[in-house]
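Worksheet for the structure shown next.
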Amino acid sequence: MRIRHLPETLINQIAAGEVIERPAAAIKEMVENSIDAGATSIEVSIRDGGKSLIVVKDNGFGMGRDDLIAALDRHATSKLPGNDLLNIEHLGFRGEALASIAAIARVKISTREKDSNAWEIIAEGGKKGEPSPSSYPSGTQIEVRDLFYATPARLKFMKSERAESMAIKDTLTRLSMAFPHISFTLNNDDKKSLNHIAVLDSQSRLATILGREFGENAMKIDAEREGIKLTGFAGLPTLHRGTAQYQYLFVNGRPVKDKLLGGCVRAAYADVIAKSRYPMIALFLDLPSDEVDVNVHPAKTEVRFRDPAIVRGLIISALKHALLEGGFQSSSSVSYSALSSMRPGHLGAGSHSSAANHFAPPLPMHRGSSAAVPSHYAYGNLAEPQSLPYEAQQPQMHTMPSARAEETLHEAAISYPLGAARAQIHENYIIAQSENGLVVVDQHAAHERLVYERFKNQLKDHGIEKQGLLSPEIVELDDTQTERLMAHADQLSKLGLDIEPFGSGALAVQSVPAILGQKANIQRLIRDLADEVLDSDAVDGLEERINEILSTMACHGSVRSGRRMNADEMNALLRQMEETPYSGQCNHGRPTYIELKLSDIEKLFGRS
């Protein structure tokens, strides 16, 4: 067979396979064109999950006759005036979307440029007709019928109508988060399934989309480093989901699903949430256009950063700082769930809908010096280890005789965020009275976090002890993995792991962290770290393994369930929780306490 040039129609259909993989992708491309055209109102209508009909209507600038003809040609765009791919200022720039859609569907475009005549054009299966006069009022409307009719094989891979409709809604939701000044409407089979009116700021739009639960349990993010700015909101560790679908990430207003950004979120929450759970976040990263490459994939959902280390450091540090400030809080959804289980049925919407969609400020904390805690509540410390690994020890609780536990001290403790301990039930749960209600604390989960944080501080103070190997462990890797891993040798050495090059395609491991013990699988450890470096250019896995060991030790060294505690011990535990980072959840991401407002408790008894 001789080499031949493919016909233009087939070229467009092949390109459409990359750009338009499903109805949601077609809508994303058309809506982004509307945004680039300066629209303030975008309305989308679909039928049968977008397979039979898609209509995108906007009030943007519109197009003239010549632009309308060119719009259906491949690689025809108005968004690269200087042919500069390093400074992309629009969502679209490749000039492929409309040509790809027209190659696999029946398309009709109606448009009117300001102070000009209206025109319309029809294209089917990659063949476009001549433009004709139209009576369209203003802006642009694109009708797409019978998507993929020209490529029937693709129809076999479509999901159910409901799944496609949900994907379309998710696409519009993400775009509406990034552009709150634009109103977005979605009509699904003549039923309105999404209606976001234009607002002045992203916070109002996020509250509308993510709801009261996220609004009440989100921490504000606002950080900047070397011209790169990160804003948005991140949910408390106890507000999590079983999928990453509720993680919304944006780069220069562009919704993305990027491994680097997702890895940063995972690394920041690694110490406060279970590995199988995902925090709810909405983060907006803004940086100069020449610092990011969006021309990575036709779908434009992946990006590459010129300096990924700066971006990674900014995101992780900003999230960890927010977690440090708000980690004492426990998600209000935990409290609502507890209240709903106290009466038949579920908690009525009327009980909390008045709280509406807002972002609540962090719970005030008594973060002063330890002197702020009454000396009457003296809580025993774990024995300071002389070397690693640590030996988990049962904490000793030193209290003054109960006769000196005067009622005035307990009354004064009510003003603290977690209040004053009143009782212990089932030898596991502490009941405390606060100024506005009551607090229920899981004593084992709470103390587990306290011990874990103390272990980490001791580790930081004493450093990580290294265990030298009698003979180096040789790990064979390919040259790329070896080179990339050696670039992080200094960081690994601080964590107790010393590596050296060993010829071509191999590393020699000279020492490992002593806390890992003699049974550490060094070969697996190095290979896992090498994979992590190639995937995210980071070596967080070693620190995570060390923290997992400390977490296990903390679990065995904390106050066990079934241990009776007196009032002084319980109050001491509450005070230390208020002073300890991340004490709102245990090492496994479970809440350590729930707070029930007095007003909600009174509603249970019909006293509201």
Side-chain angles (χ1 to χ4, degrees), residues 4-34 37 42-58 60 62-78 92 94-113 117-136 139-159 161 164-165 167-168 171 187-189 298-299:
R4 66 185 181 91
H5 293 283
L6 295 177
E8 189 69 20
T9 302
L10 185 56
I11 292 174
N12 287 340
Q13 290 178 352
I14 293 173
E18 294 181 329
V19 181
I20 312 300
E21 59 178 349
R22 62 191 307 186
I27 289 176
K28 173 181 177 291
E29 297 291 344
M30 291 186 286
V31 171
E32 286 182 350
N33 283 340
S34 297
I42 300 175
E43 181 178 349
V44 179
S45 300
I46 61 173
R47 287 190 183 278
D48 304 322
K51 300 174 188 178
S52 61
L53 176 66
I54 298 172
V55 179
V56 177
K57 180 180 180 181
D58 68 57
M63 292 180 284
R65 183 180 184 278
D66 294 340
D67 286 340
L68 180 59
I69 297 173
L72 290 170
D73 294 333
R74 288 188 70 224
H75 305 308
T77 181
S78 62
R94 299 174 65 97
E96 291 182 307
L98 289 180
S100 297
I101 295 172
I104 57 176
R106 297 181 174 92
V107 177
K108 177 183 177 181
I109 305 177
S110 303
T111 185
R112 180 192 291 270
E113 201 171 21
N117 296 325
W119 296 90
E120 66 180 40
I121 193 171
I122 295 176
E124 292 188 8
K127 299 178 181 179
K128 64 180 178 180
E130 290 296 321
S132 59
S134 171
S135 60
Y136 192 73
T140 300
Q141 176 177 287
I142 304 178
E143 297 180 22
V144 179
R145 297 183 182 273
D146 303 326
L147 191 64
F148 299 119
Y149 92 94
T151 53
R154 177 55 64 90
L155 282 173
K156 298 179 181 179
F157 295 92
M158 292 295 99
K159 297 183 179 180
E161 292 180 8
E164 297 297 344
S165 297
I168 291 170
T171 296
N187 300 308
N188 185 2
D189 293 331

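With rounding to the nearest 0.5 Å, the separation of NZ in Lys127 from CD1 in Ile122 is 15.0 Å. For the atom pair CD1 (Ile101) and CZ (Phe148), the distance works out to 9.0 Å, reported to the nearest 0.5 Å. The distance from atom CD1 of Ile27 to atom OG1 of Thr171, rounded to the nearest 0.5 Å, is 7.5 Å. Expressed to the nearest 0.5 Å, how far CZ of Arg65 lies from CD of Glu120 amounts to 13.0 Å.
Here the side chains of Leu53 and Asp48 are not in contact, with every heavy-atom distance at 4.5 Å or above. Residues Asn117 and Trp119 form a side-chain contact, since some pair of their non-hydrogen atoms from C-beta on lies under 4.5 Å apart.
Residues passing the side chain to side chain donor-acceptor pair (under 3.5 Å) test with Arg106, sequence neighbours excluded: Asp146. With sequence neighbours excluded, the residues satisfying side chain to side chain contact (heavy atoms under 4.5 Å, CB included) with Ser165 are Ile46, Asn188. Contacts of Arg22 classified as side chain to side chain donor-acceptor pair (under 3.5 Å), with partners at least two apart in sequence or in another chain: Glu164. Remark: Thr140 pairs with Asp58, Met63, Ile109, Thr111, Ile142 by the side chain to side chain contact (heavy atoms under 4.5 Å, CB included) rule, at least two apart or across chains. Listed by chain and number, the residues in a side chain to side chain donor-acceptor pair (under 3.5 Å) with Glu43 are Asn187 (sequence neighbours excluded). Scanning for side chain to side chain contact (heavy atoms under 4.5 Å, CB included) contacts around Asp189 gives Arg47, with sequence neighbours left out. Here Glu143 pairs with Val55, Lys108, Gln141, Arg145 under the side chain to side chain contact (heavy atoms under 4.5 Å, CB included) rule; sequence neighbours left out.
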Anything under 3.5 Å between a donor and an acceptor, one on a side chain of residues 128-135, the other on a protein residue two or more places apart or in another chain? List them.
| unit_1 | atom_1 | unit_2 | atom_2 | d |
| --- | --- | --- | --- | --- |
| Lys128 | NZ | Ile69 | O | 2.7 |
| Lys128 | NZ | Asp73 | OD1 | 2.7 |
| Lys128 | NZ | Asp73 | OD2 | 3.3 |
| Ser134 | OG | Tyr136 | N | 3.1 |

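Heavy atoms only, all atoms of each residue included: Pro23 and Met158 are closest at CD-SD, 3.7 Å. In plain terms, the two heavy atoms of Ile42 and Ser34 that are nearest each other are CD1-CB, 3.7 Å. Closest heavy-atom contact between Ser100 and Ile20: CB-CG1, 4.0 Å. The two residues Ala123 and Ala102 have their closest heavy-atom pair at CB-CB, 4.0 Å.
Without hydrogens or angle criteria, Tyr149 side chain to Gly125 main chain gives a donor-acceptor distance under 3.5 Å.
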For this session: Give the C-alpha distance, both sets of side-chain angles, the deciding distance and a yes or no for side chain to side chain contact (heavy atoms under 4.5 Å, CB included) between Ile104 and Leu147.
Result: CA-CA 6 Å; Ile104 57 176; Leu147 191 64; 4.2 Å; yes

